[in-house]
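Ligands are counted one by one from 1 in listed order, and the atoms in each one are counted from 1 as well.
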Amino acid sequence: MKTENAVLIRGVAASPGVAHGPWVRFERKTHVSRGIVAEPEAEVVRLIAAAEAVGRASEHLADEVRGAGHTEEAEVFLAHAMIARDPELLDAAAAHIRVDRADAIAAITAAATSVADQLRALGDTLLSGRAADVLDVGDRVARELAGLGDAGIRLSEPSIVVAEDLPPSLTATLPRDRLLGIALEASSPTAHAAILARAYGIPAVVGATGLLATLDEGRRGSPLALDGETGEILVAPTKEDVARYEARAGAIRRDRGRDVEEAALPAVTKDGTAIELLANIGSPGEAAGAVALGARGVGLFRTEFLFLERSSPPSEDEQVEAYGQVIAAFAPRPVTIRLLDVGGDKPIPYLPLKEEDNPFLGVRALRLADRRPDIFVTQLRACYRAAVKGRVKVMAPMVADAGDVATLRHLVDRARAELLDERRPIGQVDLGVMLEIPSAILTADTYVRELTFVSIGTNDLLQYTLAADRGNPALERYRDSLHPALLRLIRLAVEAAERSGIELSICGEMAGDPEAARLLIGLGVRVLSMSPTSIAAVRRAVRASLKSGLEHVAMASLGDASAADVRLRLQT
Ligand code: PEP
Ligand code: MG
């Protein structure tokens, strides 16, 4: 019997590995209000029933997470259950239905917003945190009324998650034990969904134009296969396709075994230049794997993932604990903790930011310090306290100029002074900034002497240099990290760091691409930080290269007109 061919969709490779199996589609729908209601009492009954369902679900979640040992999260869900049954909130919503004839969705949304506003107006950090909880519960009741269920993704069997795009907060909470792979219609390899997939070792393909339409067109029940190294997605793969994917999976497992065996080999070029290979991580759980793959420290700890998918920020003690775990795993090697980088594609529910037309160009990362210095001071206090356990470096994201470095200094002085006042033991911390905005590189000479290190974030640097949103798949042509404009900026940064004698590293995704890494070495970079799963391939590339040859190619590439020209030069 002849089997029908699979449908091939070409996307962009985002996280290595292959997967095949059933898929589950994630859609973040918004709840639609039904307008004026004719029978207000029936609508009030609907409201109470939905609120009760959310209350019960919250209690259930509390039991689940307590069973898994997370007592603090359990408290949060218990508080949610109480809010869902809070007579003040429900009375306000019911009054809105009876008086204004609003439907239950509009009524609960308005009531939750008004309670949250009142809590925030009291100007107390704790109560502001409660405001976010109230909004969260209001949103869940509205989803329940709209029949949308919970926003999270639950997988009843091992599956591939398919979506237009995935918010990073959701990617961070995907059930990893059942997640085979990720296939996204939109997004790009430098968006955070892809970065997290690499961190977790989950195969992923992004920018797969046409995927959702193909799945909608009668292929609903068909399984999927994807290859995160070639960017290939097969809808309804044949038996032969599946056998081919399984053979690839076997080869990848063998490669990973070899990667661990080679972890102790030094990353030194054939002509004797040592390159420091560090890990980018997003949670303490990733530290052990990074050490096993030979990371000589952490060049970027994206701490924002500790802040996402919660209803209030982690306490100072919780942060000391999380940072301490990573520091202990790597001691005496350094761990670079990046201060909170939220906003852009990483919103957090308890830090309500104004809606902005261009959030990537808005109040993001360190720019939040004006409004919420307390969050950064708490984080810095945790860093200084955790530093008694090992070598700690702290860096600020999204620094544009010397003024932002002054802001960092001010926050650091405040955190240290408080700790010294309280006679708490603190360790030594090196201070640095990320170079990810062109202005920070162009004016580096005005502030670098105040720092011990700088680290180039090529993901953002590329999007800001070429004015190409890092999440927009239509702009792939502008997102080639071999673009000469990016290379020129990197060279300027290397020169500024050399002149002032401070360390420079690269922690954008570019550092984990063996070809790009060779070019960076040629430009004078000696420290590369990347997803741990990329370390082995980059180490091999370093060991196979001559620094003198790379310098020659890299310097010539600065005069090239396009990334394609640079790539050609690297290959010849
Ligand atoms: C970068 O911008 O290159 C970077 C490393 O930070 P993030 O990807 O978290 O923005
Ligand atoms: Mg960045």
Side-chain angles (χ1 to χ4, degrees), residues 14-15 166-169 171-172 187-200 204 206 278-283 286 295 298-308 335-348 358-368 393-400 404 432-441 453-472 478-483 485-487 489-490 493 504-513 516-517 520 525 527-532 534:
S15 175
L166 278 182
S169 57
T171 317
S187 197
S188 85
T190 52
H192 284 99
I195 290 173
L196 281 174
R198 283 194 290 280
Y200 301 156
V206 299
L278 310 177
N280 291 353
I281 63 168
S283 67
E286 292 163 48
V298 172
L300 168 62
F301 182 176
R302 289 184 166 94
T303 58
E304 51 277 9
F305 294 116
L306 303 176
F307 288 69
L308 298 174
V335 171
T336 311
I337 300 172
R338 176 172 75 182
L339 296 180
L340 192 60
D341 181 0
V342 291
D345 64 346
K346 290 176 286 194
I348 34 181
N358 295 300
F360 271 124
L361 302 179
V363 182
R364 201 193 137 180
L366 191 68
R367 296 170 177 192
L368 274 166
K393 297 160 95 172
V394 166
M395 66 179 174
M398 287 291 286
V399 162
D404 286 342
V433 299
M434 290 196 68
L435 300 179
E436 49 186 352
I437 302 181
S439 60
I441 293 184
F453 71 100
V454 286
S455 187
I456 304 185
T458 48
N459 307 336
D460 279 315
L461 187 57
L462 191 60
Q463 83 163 343
Y464 295 133
T465 304
L466 283 122
D469 185 331
R470 64 196 265 187
N472 186 339
Y478 298 100
R479 237 190 333 267
D480 194 324
S481 55
L482 297 188
H483 197 289
L486 187 73
L487 305 183
L489 280 168
I490 292 172
L504 174 139
S505 62
I506 307 265
C507 64
E509 295 308 299
M510 178 183 188
D513 171 347
L520 292 171
V525 180
V527 186
L528 300 171
S529 190
M530 64 202 74
S531 162
S534 304

Element-labelled atoms of ligand 1 that are located less than 4.0 Å from some non-hydrogen atom of G508: 3 (O), 5 (C)
At less than 2.8 Å, would any N/O/S atom of D460, backbone or side chain, sit next to the Mg ion (ligand 2)? yes
Using 4.0 Å as the upper bound for N to carboxylate O, is an ion pair formed by D460 and R470? yes
What protein heavy atom sits nearest atom 6 (O) of ligand 1, and how far away is it? R338 NH1, 2.9 Å
Atoms of ligand 1 less than 4.0 Å from L300 heavy atoms? 5 (C)
Decide whether the shortest distance between a heavy atom of R364 and an atom of ligand 1 is less than 4.0 Å. yes
Out of the candidates L368, T303, V363, only one should pair with V342 under the side-chain contact (heavy atoms from CB on, under 4.5 Å) rule; please name it. L368
Quick one: report the N, O or S atom of E436 that is nearest to the Mg ion (ligand 2). OE1
Looking at P189, is its backbone amide N or carbonyl O close enough to the side chain of R198 to form a donor-acceptor pair, meaning the two atoms are under 3.5 Å apart? yes
M510 near ligand 1 by a heavy-atom separation under 4.0 Å: no
Between S505 and L528, is any pair of side-chain heavy atoms under 4.5 Å apart? no
Quick check: does E304 get an N/O under 3.5 Å from an N/O on ligand 1? no
Would you mind checking which non-hydrogen protein atom is closest to atom 8 (O) of ligand 1, with the distance to 0.1 Å? R470 NH2, 2.7 Å
Determine, considering heavy atoms only, which of I437, I506, N459 sits nearest to atom 3 (O) of ligand 1. N459
Check whether any side-chain heavy atom of L166 sits under 4.5 Å from a side-chain heavy atom of S187, and report yes or no. no
Quick one: does R302's side chain get under 4.5 Å of N280's, heavy atoms only? yes
Numbered atoms and elements of ligand 1 in range of D460, under 4.0 angstrom, heavy atoms: 1 (C), 2 (O), 3 (O), 10 (O)
Proximal ligand 1 atoms for R302, defined as those under 4.0 Å from one of its heavy atoms: 4 (C), 5 (C), 6 (O), 7 (P), 8 (O), 9 (O)
Taking every non-hydrogen atom, the tightest pair across I490 and I506: CG2-CD1, 4.2 Å
Polar contacts were defined as any N/O atom of the residue lying under 3.5 Å from an N/O atom of the ligand; does this apply to E509 and ligand 1? no
What I'd like to find out is whether the side chain of M434 reaches to under 4.5 Å of the side chain of V399, using heavy atoms alone. no
With heavy-atom distances below 4.0 Å as the criterion, list the atoms of ligand 1 near I195. 8 (O)
Between L196 and F305, is any pair of side-chain heavy atoms under 4.5 Å apart? yes
Is there a side-chain contact between L461 and L435, using heavy atoms and a 4.5 Å cut-off? no
Which ligand 1 atoms are under 4.0 Å away from a heavy-atom of C507? 5 (C)
Ligand 1 contact by T190, heavy-atom criterion under 4.0 angstrom: no
